[in-house]
There are 4 protein chains.
Amino acid sequence: MFEEFVNDEEELTEKQKKIIAAAIESFSEKGFAATSTSEIAKKAGVAEGTIFRHYKTKKELLLSIVAPMMAKLVAPLVIKDLNKVLNQDYERFEDFIKAMIENRIKFLKNNMQLFRILIQEIPFHPELKEQFTEHIAVKIFDRLRQIIEHYQAKGQIIKMPPDTVIRVTLSTMLGYLISRYLLLPEAEWDDEAEIERTVQFLMKGLSPE
Amino acid sequence: MFEEFVNDEEELTEKQKKIIAAAIESFSEKGFAATSTSEIAKKAGVAEGTIFRHYKTKKELLLSIVAPMMAKLVAPLVIKDLNKVLNQDYERFEDFIKAMIENRIKFLKNNMQLFRILIQEIPFHPELKEQFTEHIAVKIFDRLRQIIEHYQAKGQIIKMPPDTVIRVTLSTMLGYLISRYLLLPEAEWDDEAEIERTVQFLMKGLSPE
Amino acid sequence: MFEEFVNDEEELTEKQKKIIAAAIESFSEKGFAATSTSEIAKKAGVAEGTIFRHYKTKKELLLSIVAPMMAKLVAPLVIKDLNKVLNQDYERFEDFIKAMIENRIKFLKNNMQLFRILIQEIPFHPELKEQFTEHIAVKIFDRLRQIIEHYQAKGQIIKMPPDTVIRVTLSTMLGYLISRYLLLPEAEWDDEAEIERTVQFLMKGLSPE
Amino acid sequence: MFEEFVNDEEELTEKQKKIIAAAIESFSEKGFAATSTSEIAKKAGVAEGTIFRHYKTKKELLLSIVAPMMAKLVAPLVIKDLNKVLNQDYERFEDFIKAMIENRIKFLKNNMQLFRILIQEIPFHPELKEQFTEHIAVKIFDRLRQIIEHYQAKGQIIKMPPDTVIRVTLSTMLGYLISRYLLLPEAEWDDEAEIERTVQFLMKGLSPE
DNA sequence: CATGAATGAGCGTTCATTCAT
DNA sequence: GATGAATGAACGCTCATTCAT
């Protein structure tokens with residue numbers, strides 16, 4: 001479940017792919033504002049002008065990187081008939097949340113640089129924030145709310161405002177990811193156990209009664 | 001308890017205060033890299049050269065803003081005889097965590113711009129990250145570990161690695177703050193209830209058994 | 001004899017040539033430190049950024065001007081089989097020194113601005129001084145020493161340490177050039193006679209006995 | 001003979017002396033244009049403003065250093081009744097030139113930093129050059145011409161235009177000083193012998209016949 | 001008389017972007 | 001489509017000089 005059928009990079013020329021790859025690397029390491037287009041060009045092995053042939057501005061390049069990332073991040077929740085999935089595959093909230101968290105953690109782990117750019121740049125670019133709230137807060141929150149209410153109705157989750165449930169769930173999950181991969185990547189982590197504990201904490205915190 | 005007796009800004013000239021204030025505003029809004037010194041000067045109503053009389057470089061200006069913030073952030077945990085406080089004032093973990101969270105939330109709410117700069121700039125400045133891990137991870141984590149173990153020994157918290165307890169606690173708390181004040185500041189929030197719910201979630205998640 | 005087959009400026013773009021020309025003019029008149037890059041750009045009729053596309057720093061621009069000058073200055077002494085030349089063309093030291101001096105005077109006269117930059121900037125730039133001693137003192141002094149010894153062996157020059165002979169010879173020659181073209185260029189000079197007298201003084205001063 | 005009764009530094013305050021000393025050191029090492037007033041102030045141990053209390057501009061500070069140097073440099077030739085000295089003490093040109101050269105070499109050796117500033121800055125400051133030609137070329141050249149003619153009349157020097165004699169003499173002498181103390185100060189020099197040879201070369205080059 | 005904070009013009013350099021080839 | 005030379009505005013920072021204390 002929750003596999004992704006996203007295909008991008010398909011209509012990109014070889015040079016474009018190199019530009020994107022170089023930009024991702026630099027943006028994630030030094031930030032958008034501190035990365036120069038000439039640096040990207042050099043790293044990508046193309047001429048400076050080539051970047052601007054494909055992307056009108058430096059910012060457009062950033063958006064062309066971040067926007068698909070945001071879409072992919074919430075992809076599993078955009079599945080058309082998610083409720084069917086829920087009923088069939090995940091009778092218990094615990095199973096659903098476990099699957100979802102493991103799936104998203106795997107995804108973010110594999111796309112850590114993109115994730116990094118996303119959270120680093122959102123504060124500085126109103127368009128990004130807008131896109132984010134529009135995609136996530138509106139489309140996805142609605143979905144998530146339904147899901148939460150679904151399990152609340154089944155008596156599997158505490159009766160708390162769904163938005164609060166969503167918030168603490170995401171906080172817990174992203175808190176793990178940021179600690180694990182961005183803040184203390186060099187500490188020793190027993191990932192399996194740590195995820196297990198995190199989910200356990202979340203489940204207990206959200207259990208009814 | 002946990003009041004702060006930090007006094008800074010006291011030996012600063014009038015111009016220096018204006019520079020700091022202008023820098024905080026701009027850094028928090030546009031980020032360090034995207035803020036120009038000329039812009040800070042204009043906003044502060046001083047000549048550009050004046051900035052550099054007080055701060056050798058733009059980066060030094062940033063550090064002079066962020067470093068004290070970091071110290072103040074963890075101040076309540078640097079109290080000399082914290083254990084006495086714990087025994088006397090907070091026999092129950094719940095009371096302690098409630099007091100601590102409310103206190104720190106109040107502090108961060110009052111210093112939201114500084115908090116914003118801190119979390120926005122840490123990824124881009126190795127010195128900052130270093131200072132952070134040095135101050136927080138080493139000094140404070142040790143303290144927090146003792147506290148957690150203290151309440152674990154009393155049987156008030158689940159037997160989980162203290163680092164994990166710390167992580168989920170901070171995630172929950174910072175997740176609230178970031179959602180509330182940075183991501184969705186314009187949504188309607190019933191702060192009192194929301195904090196109450198958040199602490200409740202945390203307590204249940206960490207309760208033994 | 002002693003013609004030069006040096007060709008530079010050949011792979012330079014039009015703009016680069018203009019930058020070099022403007023830089024030479026300004027550096028020689030006001031000195032390197034007192035010449036601004038914006039001034040050079042204006043004089044060259046290019047944008048200031050263009051200078052830095054071709055020369056990473058202002059100093060690199062200086063070096064790109066001075067280094068070839070130094071090479072050309074000593075070029076006649078780097079001829080592969082100089083001894084053959086000496087034996088065939090200049091049996092007498094007087095003929096050699098006359099030819100050499102006239103040749104170098106002509107060269108410096110035609111490159112007075114470059115010569116000026118060279119002697120004006122050497123004191124302030126260790127790299128230049130190093131390059132100078134390396135090229136001149138080592139490579140050329142060895143050559144000159146051999147030549148002096150060659151004519152001393154023939155009994156045509158006084159038996160004095162070759163280094164001293166070289167020093168007084170160069171002093172006499174450069175003293176003329178500096179007086180003539182840099183210190184008192186507006187006095188009336190009978191160049192031919194003055195050079196004749198200078199060589200005569202030199203020859204007598206160095207004659208054996 | 002040729003002792004100097006120059007007294008300067010007499011009406012200078014302690015701070016002023018320190019400023020002058022610091023300026024001399026920096027100007028001679030890095031050049032006037034590349035030396036900042038703040039650097040001089042720091043080295044002198046005074047406030048930046050103090051420099052400008054004593055010297056209206058940075059350039060005035062330079063001139064206050066160089067002008068007296070120039071005066072002292074030619075002092076021995078400004079003696080009122082130089083001819084009496086010549087007749088009494090130096091019947092032979094050789095004795096005169098030897099005494100003069102040794103005296104001036106000693107003086108310059110003792111004031112090498114000032115000498116360095118003088119020759120380094122003359123090219124860049126029209127006022128300096130003017131002062132130089134006015135003092136040297138007019139006042140002193142006249143004197144020197146008389147002296148040369150005096151010895152030419154006695155048949156002790158070659159019949160050459162006095163200006164040429166002066167030029168080659170100064171070139172020879174300054175050539176030694178510059179080689180010895182500025183270009184190759186770290187080579188091994190047998191000063192006594194080298195001066196002896198230099199004077200010998202000069203005498204032979206200028207001898208009649 | 002000495003101070004040093006303040007100034008603002010100007011510095012060398014980098015930048016995103018354009019455009020002729 | 002790709003290039004890279006060219007641009008000029010803007011950058012962080014330094015400077016000589018002023019002036020209230």
Side-chain angles (χ1 to χ4, degrees), chain A residues 13-16 18-19 32-42 44-61, chain B residues 13-16 18-19 32-42 44-61, chain C residues 13-16 18-19 32-42 44-62, chain D residues 13-16 19 32-42 44-61:
Chain A
T13 68
E14 210 52 47
K15 302 236 168 203
Q16 236 176 124
K18 278 182 180 168
I19 290 170
F32 173 78
T35 299
S36 74
T37 49
S38 83
E39 180 194 335
I40 295 171
K42 202 175 293 165
V46 305
E48 291 191 56
T50 306
I51 293 176
F52 291 91
R53 178 149 302 280
H54 295 289
Y55 308 93
K56 262 205 294 290
T57 64
K58 185 185 163 195
K59 188 149 206 170
E60 197 181 294
L61 172 58
Chain B
T13 68
E14 211 52 47
K15 302 237 169 202
Q16 233 175 123
K18 278 182 182 169
I19 291 169
F32 174 78
T35 299
S36 74
T37 49
S38 85
E39 180 194 335
I40 295 172
K42 205 171 293 167
V46 304
E48 204 167 348
T50 307
I51 294 176
F52 292 94
R53 174 156 294 277
H54 295 290
Y55 307 93
K56 266 202 290 290
T57 62
K58 185 186 161 195
K59 188 150 205 170
E60 198 181 293
L61 172 58
Chain C
T13 70
E14 211 52 46
K15 303 240 167 198
Q16 232 175 126
K18 278 182 181 170
I19 290 169
F32 173 79
T35 299
S36 74
T37 49
S38 86
E39 181 194 335
I40 295 172
K42 206 172 293 167
V46 304
E48 205 168 346
T50 307
I51 294 176
F52 291 93
R53 174 155 294 277
H54 294 291
Y55 307 93
K56 265 200 290 290
T57 63
K58 187 184 161 196
K59 188 150 205 170
E60 197 181 293
L61 173 58
L62 172 70
Chain D
T13 69
E14 210 52 46
K15 303 236 170 204
Q16 235 176 121
I19 290 170
F32 172 78
T35 298
S36 73
T37 49
S38 84
E39 181 193 335
I40 295 171
K42 201 174 294 166
V46 304
E48 290 191 57
T50 307
I51 293 176
F52 291 91
R53 179 152 300 280
H54 295 290
Y55 308 93
K56 260 203 297 287
T57 64
K58 185 184 163 194
K59 188 149 206 170
E60 197 181 292
L61 172 58

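Letters A, B, ... are given to chains in the order of the sequence lines, protein chains preceding strands, and every chain is numbered from 1.
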To the side chain of Lys58(C), which of dC11(E), dG12(E), dG12(F) is closest?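 Looking only at heavy atoms from C-beta outward on Lys58(C), the closest nucleotide is dG12(E).
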Between dG12(F), dT17(F), dT3(F), spot the one nearest the side chain of Thr37(D), thanks.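 Given the options dG12(F), dT17(F), dT3(F), the side chain of Thr37(D) is closest to dT17(F).
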Hey, does the side chain of [X] come within less than 4.0 Å of [N]'s phosphate (OP1/OP2), counting only N and O?
X	N	result
Ser38(C)	dC11(E)	yes
Lys56(B)	dG12(F)	no
Arg53(D)	dA2(E)	no
Thr13(D)	dC1(E)	no
Lys15(C)	dT7(F)	yes
His54(B)	dA6(E)	yes

Take atom [atom1] of [X] and atom [atom2] of [N], then tell me their distance rounded to the nearest Å.
X	N	atom1	atom2	answer
Phe32(B)	dC11(F)	CZ	C1'	12 Å
Glu39(A)	dC15(E)	CD	P	8 Å
Phe52(D)	dT17(F)	CZ	C1'	5 Å
Ile40(D)	dC15(F)	CD1	P	11 Å
Lys42(D)	dG4(E)	NZ	P	13 Å
Ile19(A)	dG4(F)	CD1	C1'	14 Å
Tyr55(A)	dA2(F)	OH	P	11 Å
Lys59(D)	dC15(F)	NZ	C1'	16 Å

Below 3.5 Å, can you tabulate the donor-acceptor pairs from side chains in residues 34-42 of chain D to any protein atom, sequence neighbours excluded?
{"residue": "Thr35(D)", "atom": "OG1", "partner": "Ser26(D)", "partner atom": "O", "Å": "3.3"}
{"residue": "Thr35(D)", "atom": "OG1", "partner": "Gly31(D)", "partner atom": "O", "Å": "2.7"}
{"residue": "Ser36(D)", "atom": "OG", "partner": "Ser38(D)", "partner atom": "OG", "Å": "3.3"}
{"residue": "Ser36(D)", "atom": "OG", "partner": "Glu39(D)", "partner atom": "N", "Å": "3.1"}
{"residue": "Glu39(D)", "atom": "OE1", "partner": "Lys30(D)", "partner atom": "NZ", "Å": "3.1"}
{"residue": "Glu39(D)", "atom": "OE2", "partner": "Ser26(D)", "partner atom": "OG", "Å": "3.2"}

Residues of residues 44-51 of chain B with any non-hydrogen atom less than 4.0 angstrom from an atom of DNA chain E: list those, numerically ordered, please.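 Residues of residues 44-51 of chain B under 4.0 Å from DNA chain E: Val46(B), Ala47(B), Gly49(B), Thr50(B).
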Taking His54(B) as the fixed residue, which of Ile19(B), Leu61(B), Val46(B) is the one that meets the side chain to side chain contact (heavy atoms under 4.5 Å, CB included) rule?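 For His54(B), the side chain to side chain contact (heavy atoms under 4.5 Å, CB included) test succeeds with only one of Ile19(B), Leu61(B), Val46(B), which is Ile19(B).
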Would you write the dot-bracket representation of DNA chain F, where each base gets (, ), [, ], | or . depending on whether it forms a Watson-Crick or G-U pair under 3.5 Å and with which partner? .||||||||||||||||||||
